[in-house]
Amino acid sequence: MSQPQPVRGTHDLLPEDFARHAHVQNSAREVAARFGYAEMATPIFEFTEVFARTMGESSDVVSKEMYSFESRGGESMTLRPEYTAGICRSFISNGLQQQVPFKVFATGPMFRYERPQKGRQRQFHQIDVECIGAAEPQADIEVISLGAAILKALGILDKCSLEINTLGDQESRQAYRAVLVEYFGDHKDSLSKDSLDRLERNPLRILDSKDAGDRALVEKAPLFTDYLNSFSSDFFAEVLDGLSLLGIGYHLNRRLVRGLDYYTHTAFEFVTTELGAQGAVIAGGRYDGLIEALGGKPTPGIGWAGGVERLAMLATGAIKEVRPLAIIPIGDAAETAAQKLAYSLRQDGHVIEMAFKGNLSKRMKRANKLNARAAILIGEDELARDACTFRDLDKGEQEEIALASLGSALAALG
RNA sequence: GCGAACGUAGCUCAGUUGGUUAGAGCGCCUGACUGUGACUCAGGAGGUCGGGGGUUCAAGACCCCUCGUUCGCCCCA
């Protein structure tokens, strides 16, 4: 290609795209703040170990999708593939255990070396919510309801459904996992190739297989509910009750699982059918073992991440734009006067558009294209009278007014 | 990582079984309208047909490689 291309799986965010992203991020930030989740940020790269420990060496992300590099100092660094690990690391690094529950919101770019598709890029953006240090089911309810509230604010809650499941506590899950491995181990010859691999690395995932043969086996597999201890099932029941009380609908999905040991109890996803295979727009769960895995004191936590690109594709509604005012000088003598007026109005909080070239007709066209609400024309005639021609571009009416009364004319536009 | 489809002006696309100078709509530029946008009309610019190689008298069409996008799987936001 003779023209330069962006790197595979990366996209430029031109102003229009950026506005959609910003809309998602700003809406989320605002709603999160109402829930008491203040924004924070962590570095875009960490020691590789931070992700390897939290996401699991055997996970796809860690084993083959990370952008890792050796620093000049010889240490292995990785561009973050997700936000949770960095925030938990930060929680430990900054000794925040005295501030629990530590509730935060974050957003930014993530990096994963994956095969690109719609809604799946190598550099993509997430919004993220974490609640660290709360072991109570009320935290699960709050975190999930925050997700629902953000989707509602974006006007896309009705396009999504909440899938939810429990993985139980460590004891429950390990018991179930052992039973599953035994069951599927006895039927190895009927398992798909993918699931044979899952049996080694991530047996719970077999429950979610799309392979017809696997599904037949899954039908007859032991049920997780039979292996949940009473603490785990009570916990989950409390979460579900809380959601119902808030009027948040959910679909119990027994096949929704997380493979890693740090994940416990609640797992959930807000999914949509409108984005093809990349249906999860917000996904998260409880990770009571994660902080400990990172070297911190045992600390429970729950959170979720949402894909900004995916959310932005769903939130197609009009974003309210600020309409500018166009200042158009006529003739060289008016240029500096126009610039001065623009500077003054901008400092008063107005959005002012100035074109630097072209005759009156061209500048009017540009003003029109930018959807300007009004045009302020200043020529030598107006200059001499300390006035301007004020044209309402919607009504197509104009009149000459004194510069001194420009403020009230602008206020009258509404 | 596996399987498949697609890549033609800035954008969305058309280009018959390979056959002279590659088209349309929208957008852009110029003018009608040298102090007035939208609407209209008349002109105009813009393409090494993603890139490289091959087959052929002849390739945008066929073959191979490569880059990119998309769909499914895997995985996930």
Side-chain angles (χ1 to χ4, degrees), chain A residues 1-11 14 24 28 55 58-65 80-84 107-129 147 160 192-195 197-198 201-202 205 208-211 214 256 258-259 269-272 275-284 303-314 326 328-331 334 355 358-382 388-398 400:
Chain A
M1 195 85 200
S2 51
Q3 283 192 321
Q5 288 184 322
V7 170
R8 180 176 204 193
T10 67
H11 287 299
L14 299 180
V24 169
M55 302 185 83
S58 68
S59 70
D60 274 27
V61 171
V62 171
S63 62
K64 51 192 182 193
E65 295 178 359
R80 64 185 180 202
E82 57 125 38
Y83 228 134
T84 306
T107 183
M110 306 293 156
F111 306 84
R112 291 184 198 174
Y113 191 87
E114 289 188 282
R115 187 91 170 245
Q117 270 181 42
K118 185 170 68 173
R120 185 212 272 179
Q121 299 163 205
R122 289 184 172 180
Q123 177 177 341
F124 62 103
H125 300 78
Q126 288 188 337
I127 51 175
D128 184 277
V129 155
C160 302
S192 68
K193 190 164 162 285
D194 280 335
S195 286
D197 190 43
R198 292 182 178 111
R201 294 167 44 205
N202 201 342
R205 277 266 169 226
D208 201 21
S209 175
K210 290 173 187 165
D211 180 87
D214 290 347
L256 178 62
R258 295 281 129 83
E269 294 179 2
F270 286 93
V271 299
T272 179
L275 296 179
Q278 278 63 245
V281 292
I282 283 179
W304 56 251
V308 174
E309 282 81 0
R310 295 178 186 181
L311 290 164
M313 279 191 281
L314 281 186
I328 303 179
I330 305 164
N359 58 25
L360 175 54
S361 173
K362 289 198 202 317
R363 296 198 199 201
M364 285 296 287
K365 278 183 184 162
R366 179 176 166 85
N368 190 60
K369 202 181 307 173
L370 293 171
N371 196 25
R373 179 65 184 83
I376 298 167
L377 311 185
I378 305 178
E380 286 180 31
D381 300 351
E382 287 89 346
C388 67
T389 297
F390 187 79
R391 182 171 180 86
D392 185 320
L393 293 174
D394 285 356
K395 293 179 183 163
E397 295 166 357
Q398 68 183 43
E400 181 169 314

What contact category does [X] fall into here, base, sugar-phosphate, or nothing, at under 4.0 angstrom with non-hydrogen atoms?
X: A:Lys64; result: nothing
X: A:Asp381; result: base
X: A:Gly331; result: nothing
X: A:Gly9; result: sugar-phosphate
X: A:Gln121; result: base
X: A:Glu397; result: nothing
X: A:Gln398; result: base
X: A:Ala280; result: sugar-phosphate
X: A:Ile127; result: nothing

For [X] versus [Y], what's the shortest heavy-atom pair and its separation?
X: A:Ile378; Y: A:Cys388; result: CG1-CB, 4.1 Å
X: A:Ala355; Y: A:Arg366; result: CB-CD, 3.6 Å
X: A:Gly358; Y: A:Arg363; result: O-NE, 2.9 Å
X: A:Met313; Y: A:Leu275; result: CB-CD2, 3.9 Å
X: A:Glu269; Y: A:Ala280; result: OE1-CB, 4.1 Å

- Message: Under the criterion side chain to side chain contact (heavy atoms under 4.5 Å, CB included), I'd like the reasoning laid out for A:Met364 against A:Leu377: C-alpha separation, chi angles, the key distance, then a yes or no.
- Response: CA-CA 10 Å; A:Met364 285 296 287; A:Leu377 311 185; 4.1 Å; yes

- Message: Stem list for RNA chain B, please, built from Watson-Crick and G-U wobble pairs under 3.5 Å and keeping only runs of at least 3.
- Response: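 Detected stem regions: B:1-7 with B:67-73, B:10-13 with B:23-26, B:28-32 with B:40-44, B:50-54 with B:62-66.
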
- Is the CD atom of A:Glu380 crowded by more than 12 outside heavy atoms at less than 6.0 Å? no

- Query: A:Thr10 or A:Met55: which one's nearest nucleotide on RNA chain B is closer to the 5' end?
  - Reply: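 Result of the comparison: A:Thr10.
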
- Message: Using heavy-atom distances to pick each residue's nearest nucleotide on RNA chain B, tell me which of A:Ala305 and A:Leu377 is more 5'.
- Response: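 Final value for this comparison: A:Leu377.
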
[N] and [M]: how far apart are their [atom1] atoms, nearest whole angstrom?
N: B:C13; M: B:G50; atom1: P; answer: 15 Å
N: B:G25; M: B:C62; atom1: C1'; answer: 31 Å
N: B:A9; M: B:G15; atom1: C1'; answer: 14 Å
N: B:A45; M: B:U55; atom1: C1'; answer: 37 Å
N: B:G53; M: B:G60; atom1: P; answer: 14 Å
N: B:U16; M: B:C63; atom1: P; answer: 15 Å
N: B:C29; M: B:G18; atom1: P; answer: 41 Å
N: B:A22; M: B:C6; atom1: P; answer: 25 Å

What is the distance from [atom1] of [X] to [atom2] of [N], rounded to the nearest Å?
X: A:Asp214; N: B:C75; atom1: CG; atom2: P; value: 11 Å
X: A:Leu311; N: B:C76; atom1: CG; atom2: P; value: 18 Å
X: A:Glu382; N: B:U36; atom1: CD; atom2: C1'; value: 11 Å
X: A:Asp208; N: B:C73; atom1: CG; atom2: C1'; value: 13 Å
X: A:Ile330; N: B:G37; atom1: CD1; atom2: P; value: 12 Å
X: A:His125; N: B:A77; atom1: NE2; atom2: C1'; value: 12 Å

- Task: Under the side-chain contact (heavy atoms from CB on, under 4.5 Å) rule, collect the residues that match up with A:Asp381, sequence neighbours excluded.
- Result: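 Testing A:Asp381 for side-chain contact (heavy atoms from CB on, under 4.5 Å), a comparison that skips the adjacent residues, returns A:Arg385.
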
On the nucleotide [N], are OP1 or OP2 found under 4.0 Å from the side-chain N or O atoms that [X] carries?
X: A:Ser361; N: B:G37; value: yes
X: A:Gln5; N: B:G50; value: no
X: A:Arg8; N: B:U69; value: yes

When you measure from the side chain of [X] to the backbone of [Y], do you find a donor-acceptor pair of N or O atoms at a distance under 3.5 Å?
X: A:Arg310; Y: A:Gly119; answer: yes
X: A:Gln121; Y: A:Gln123; answer: yes
X: A:Ser195; Y: A:Ser192; answer: no

I'd like a list of close polar pairs between nucleotides 25-28 of chain B and the protein, N/O only, cut-off under 3.5 Å.
unit_1	atom_1	unit_2	atom_2	d
B:C28	OP1	A:Lys369	NZ	3.3

- Can A:Arg373 and A:Asp392 be counted as an ion pair, charged N to O under 4.0 angstrom? yes

- Before accepting this row, confirm whether a basic side-chain N of the pair A:Asp197/A:Lys193 lies closer than 4.0 Å to the acidic partner's carboxylate O.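 Between A:Lys193 and A:Asp197 there is no salt bridge, as every charged N stays at least 4.0 Å from the carboxylate O atoms.
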
- Flag for A:Asp214-A:Ser209: side-chain donor and acceptor within less than 3.5 Å: yes

- Checking A:Arg80 against A:Tyr83: charged group under 6.0 Å from the ring centre and within 45 degrees of the axis? yes

Of all the nucleotides listed ([options]), which has the minimum atom distance to the side chain of [X]?
X: A:Met364; options: B:C71, B:U36, B:C75; value: B:U36
X: A:Lys210; options: B:G35, B:C73, B:A77; value: B:C73
X: A:Pro116; options: B:C73, B:U70, B:A77; value: B:U70
X: A:Asp60; options: B:G35, B:C75, B:C73; value: B:C75

For nucleotides 2-5 of chain B, print each protein N/O atom paired with a nucleotide N/O atom at under 3.5 Å, atom names and distance only.
unit_1	atom_1	unit_2	atom_2	d
B:C2	N4	A:Arg115	NH1	2.8
B:G3	O6	A:Arg115	NH2	3.4

- What pairs with A:Arg112 under salt bridge (charged side-chain N to carboxylate O under 4.0 Å, His left out), at least two apart in sequence or on another chain?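 Listed in chain order: nothing, the list is empty.
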
On a plain distance test, is the side chain of [X] in donor-acceptor contact with the base of [N] below 3.5 Å?
X: A:Glu380; N: B:G35; answer: no
X: A:Glu114; N: B:A77; answer: yes
X: A:Arg198; N: B:C75; answer: no

- Item | Test item: A:Arg115 and A:Arg122 side chains (from C-beta on) under 4.5 Å apart, heavy atoms | no

Interface polar pairs with nucleotides 38-43 of chain B, N/O, under 3.5 angstrom:
unit_1	atom_1	unit_2	atom_2	d
B:A38	O4'	A:Asn368	ND2	3.1

- Task: Before giving the answer on side chain to side chain contact (heavy atoms under 4.5 Å, CB included), spell out for A:Thr272 and A:Leu314 the whole-Å C-alpha distance, their side-chain angles and the decisive distance to 0.1 Å.
- Result: CA-CA 9 Å; A:Thr272 179; A:Leu314 281 186; 3.9 Å; yes

